[in-house]
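Because the structure is predicted, anything quoted here is derived from the model rather than measured. Per chain, numbering begins at 1; letters A, B, ... match sequence-line order.
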Amino acid sequence: MNYWLLKSDPETYSWDSLAKDKTTIWDGIRNYQARNNLQLMKKGDIALFYHSNQGMNIVGQVIVSKEAYNDPSTDDLRWYVIDITLDQKFPKTIALSEMKSNSKLQNIGLIKQSRLSVMPLTIDEYFEIYNICNLK
DNA sequence: GCCAACGTTGGC
DNA sequence: GCCAACGTTGGC
């Protein structure tokens, strides 16, 4: 089991859209590093869902429901997609500013490489965020 | 709306 | 293979 973080501009595809769809194809990745990460994702892996530009916070988590396959929205065989399925909306969100000031989260791609849209998390990083988002 | 960071493209 | 020019992303 591995842990990931997926970034989405809510103007393009928001958590609310996923809440209606339940499962969606994660397409449009046109960056090699993000693509390489996509290809490493296994069915059952968990990904935190981050809203960029508007919100700038983590709102919930999803499960990888189908592993990487060729992006059907293009003939270009370089690009891949996965399917994700809604898992859980968090009771509490965590903002980018909170993550930036959390000493345990200084190495996550969100902070170190702000343009990367698919990135791995360590187990410790994942649970640090998960626990904050589920605090009573 | 601005701009830093970064990726891509194309001329040489 | 280098690098300037350009485009895009995303935080502020």
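Side-chain proximity of A:Tyr32 to B:dG7, B:dT8, C:dG11: nearest is B:dT8. Here the side chain of A:Ser117 is nearest to one of C:dG11, B:dG7, C:dG10, namely C:dG10. The side chain of A:Lys100 approaches C:dG11 more closely than any other nucleotide in the set C:dG10, B:dG7, C:dG11.
Atom CG of A:Leu135 is surrounded by more than 12 heavy atoms from other residues, nucleotides or ligands within 6.0 Å. In A:Asn131, the CG atom is crowded: over 12 heavy atoms of neighbouring residues, nucleotides or ligands sit closer than 6.0 Å.
Contact annotation for A:Leu96: backbone-only contact, meaning every heavy-atom pair under 4.0 Å involves sugar-phosphate atoms and none involves a base. Within the nucleic acid shown, A:Asp9 has no heavy atom closer than 4.0 Å to any nucleic acid atom.
A:Asn37 and A:Trp4 form no side-chain donor-acceptor contact under 3.5 Å, judged by distance and modelled atom types alone. Under 3.5 Å, the side chains of A:Glu128 and A:Asn102 contain a donor-acceptor pair of N or O atoms.
Rounded to an integer number of Å, the gap from NZ of A:Lys7 to C1' of B:dC6 is 11 Å. Atom CE in A:Met99 sits about 14 Å away from atom C1' in C:dG10, given to the nearest Å. Atom CE of A:Met56 and atom P of C:dG11 are 6 Å apart (whole Å). In this structure, the CG atom of A:Asn31 is 12 Å from the P atom of B:dC6, given to the nearest Å. What separates CZ of A:Arg35 from C1' of B:dG7 is a distance of 14 Å, to the nearest Å. Between the CD atom of A:Gln113 and the C1' atom of B:dA4 there is a distance of 14 Å, given to the nearest Å. If you measure from atom CZ of A:Arg78 to atom C1' of B:dT9, you get 12 Å, rounded to the nearest angstrom. One atom, CD of A:Gln33, and another, P of B:dT8, lie 10 Å apart when rounded to the nearest Å.
The CZ atom of A:Phe127 lies 4.0 Å from the OH atom of A:Tyr3; values are rounded to the nearest 0.5 Å.
Taking side-chain N and O atoms only, A:Tyr50 has a distance below 4.0 Å to OP1 or OP2 of C:dG11.
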